[in-house]
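Single-structure report; data block below.
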Amino acid sequence: MVAIKQTVYRTGTDSVLMESLIRAAQNGKEVTAVVELKARFDEEANINWAARLEEVGAHVVYGVVGHKTHAKMLMVVRREEGRLRRYVHLGTGNYHPRTARQYTDFGVLTTDEQTCADVNEVFVQLTSLGRGAKLERLWQSPFTLHSNVIAAIRNETRLAAAGKPARIIGKMNALLEPEIVEALYAASQAGVPIDLVVRGVCALRPGVAGLSENIRVRSIVGRFLEHHRVFYFRNDGRNDVYLSSADWMDRNFFRRIELCFPVLDGALKERVIEEGLKTYLADDVRAWEMGPDGTYAQRPPAGEAAHDAQEVLLAMLAGAKAMT
C-alpha cells in the first residue's frame, strides 16, 4: 500500500478505522484525511483525531470554507505488479462504529478507473487551491448534483410525454428543495409514476388532483434509522440507480460537499432495487402513507402475510450468515 485518502465526518471516540489511519501513517504510508470539524455530535472527537493524525505525520485538511464536507469516500492506492492501482469506497453512511449498527446504509467498493479518477479529482479540490476537473461518473454538490437530479427527473417527464414507460423512485431522509418538488409535480402531470420513501420532513404533497396524482409518499419508522439515499430513474429501460449521502434539501445541494454515485454492476443494481427500494414500497407494517393534506396514516396489511421491510432485511442477513 502506498497511500490512503479519506473524508472524516462522524467517527466517534472509539474508531478502529481512525486507529488504522494512524498506524498507516506511523508505518510510512502517505495518509490524507479531510476532517469536518462541524460534524454534529462529533466535533470534539474529530478535533482530537485530527490532532493525533497530525502528530504522526498525516496530511490533515479541513475542507472548503462555507461548505460542510458530508461526502463519504475513501481511496487506497496500492502498488501491484509494477503499477499503481486505486481502490475506492463510496458510502451513504458515516465511518462510525456505533451508527453502523443502528443505521441502514449502502456502500460500494470499486476499482472502476473512471470512478476512481473522479474521486481523486474531488480529493484534489478538497486538499489544494486548484479547482478540480469535470467529473464523468459522479454527481457532486455544490456543482452538478442539483442540476443532474433535475435533468434525470425531466428526462422521465419527456419519456412519459412521448408515450414511453417512465418511473422514478426515491428514498431519502428529507425532501424540501423547491425546484426538485416542482420538477416532480411536472413529472406526475406528464404521467410518471413516482414513489418516494421520505423518513422525515417532506414539502411535497402527493395525490393532489391536477398536480400530483401519480406521486405516493411514505415514511418508514422502525428499529433502524433508514439512512441511505437511493434514487432510481427508469431512463428508457436503462434502470439507472444512484446512491448518495445527500437528501434533496437546499443545504445538501448548495452548502455541502456531497457525492451521488451510480451503481454500475447489473447484479448489484438489482440488489439495491430489491433491498433498498422494493422491500420498503411493500412494507405494510411500519410504513406511514402521506395524504394530500400532508397528514400520515398507516396502511392496514394486505391479507394475512404482513410485510415488515426491516424484518425482511434481518432475515436476509441471517440467511447470508448461515451460508458462510
Side-chain angles (χ1 to χ4, degrees), residues 1-39 42-64 67-100 103 105-130 132-133 135-138 140 243-245 256-261 264:
M1 182 175 65
V2 177
I4 305 173
K5 296 183 180 182
Q6 181 176 356
T7 56
V8 179
Y9 188 66
R10 294 192 60 199
T11 58
T13 58
D14 55 348
S15 173
V16 175
L17 195 58
M18 296 303 294
E19 293 288 358
S20 298
L21 288 178
I22 291 171
R23 286 197 301 273
Q26 290 172 329
N27 290 331
K29 310 303 180 184
E30 180 185 321
V31 174
T32 301
V34 181
V35 181
E36 177 51 63
L37 297 182
K38 294 183 179 180
D42 279 305
E43 294 92 339
E44 182 179 1
N46 283 5
I47 291 172
N48 292 335
W49 285 122
R52 290 186 60 188
L53 283 165
E54 288 180 331
E55 287 173 0
V56 296
H59 180 206
V60 179
V61 296
Y62 300 100
V64 179
H67 290 77
K68 184 180 289 188
T69 303
H70 195 248
K72 283 72 177 176
M73 57 182 183
L74 166 67
M75 183 169 68
V76 175
V77 181
R78 291 169 53 90
R79 194 181 306 279
E80 298 179 355
E81 300 178 351
R83 68 183 185 93
L84 297 179
R85 189 176 189 185
R86 293 182 289 206
Y87 294 79
V88 158
H89 177 268
L90 295 167
T92 66
N94 302 304
Y95 297 113
H96 193 300
R98 288 194 298 276
T99 61
Y103 295 1
D105 277 301
F106 280 111
V108 170
L109 181 64
T110 183
T111 58
D112 174 69
E113 292 186 3
Q114 190 58 67
T115 301
C116 292
D118 280 0
V119 169
N120 185 67
E121 289 297 338
V122 177
F123 275 115
V124 169
Q125 292 176 19
L126 296 175
T127 60
S128 71
L129 297 177
L135 305 183
E136 297 297 330
R137 290 223 196 279
L138 307 185
Q140 182 195 3
L243 302 174
S244 183
S245 59
R256 289 186 174 186
I257 307 299
E258 299 271 20
L259 291 180
C260 184
F261 50 97
L264 302 174

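Counting from 1, the numbers follow the sequence of the chain as shown.
- Under a 3.5 Å cut-off, the side chain of K5 and the backbone N or O of A3 do not form any donor-acceptor pair.
- Residues satisfying the side chain to side chain donor-acceptor pair (under 3.5 Å) criterion with S244, sequence neighbours excluded, are absent altogether.
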Quiz prompt | side chain to side chain contact (heavy atoms under 4.5 Å, CB included) evaluation trace for F123 with V34 | solution = CA-CA 8 Å; F123 275 115; V34 181; 4.1 Å; yes
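- For residues 21-35, the set of pairs meeting the side chain to side chain donor-acceptor pair (under 3.5 Å) definition, not counting sequence neighbours, comprises S20-R23.
- Each of R10, E258, E36 was checked for a side-chain contact (heavy atoms from CB on, under 4.5 Å) with H70, and the lone residue meeting it is E258.
- Among residues two or more places apart in sequence or in another chain, the side-chain contact (heavy atoms from CB on, under 4.5 Å) test is passed with A71 by L259.
- Residues satisfying the salt bridge (Lys or Arg N to Asp or Glu O under 4.0 Å) criterion with R85, sequence neighbours excluded, are E80.
- With sequence neighbours excluded, no residue satisfies side-chain contact (heavy atoms from CB on, under 4.5 Å) with A100.
- Listed here is the closest heavy atom pair of Y9 and K72: CD2-NZ, 4.0 Å.
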Quiz item: What's the verdict on side-chain hydrogen bond (donor to acceptor under 3.5 Å, both in side chains) for T92 and D105, showing C-alpha distance, side-chain angles and the deciding distance?
Solution: CA-CA 6 Å; T92 66; D105 277 301; 2.7 Å; yes
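- In this structure, T7 contributes its side chain and M73 its backbone to a donor-acceptor pair below 3.5 Å.
- H89 meets the ring pair (Phe, Tyr, Trp, His ring centres under 6.0 Å) test with Y95; sequence neighbours excluded.
- By the ring pair (Phe, Tyr, Trp, His ring centres under 6.0 Å) test, F106 is found to be paired with H228, residues two or more places apart in sequence or in another chain being considered.
- Residues meeting the side chain to side chain donor-acceptor pair (under 3.5 Å) test with R98, sequence neighbours left out: D14.
- The ring pair (Phe, Tyr, Trp, His ring centres under 6.0 Å) search around Y62 returns none, not counting sequence neighbours.
- For E19, the side chain to side chain donor-acceptor pair (under 3.5 Å) partners at least two apart in sequence or on another chain are R52.
- Residues passing the salt bridge (Lys or Arg N to Asp or Glu O under 4.0 Å) test with R137 are D112, sequence neighbours excluded.
- Taking every heavy atom of both residues into account, P97 and T11 meet most closely at CD-O, 3.3 Å.
- Residue pairs meeting the ring-ring contact (aromatic ring centres under 6.0 Å, His included) criterion with at least one partner in residues 17-38, sequence neighbours excluded, are absent.
- Side-chain atoms of D118 come within 3.5 Å of backbone N or O of E136 as a donor-acceptor pair.
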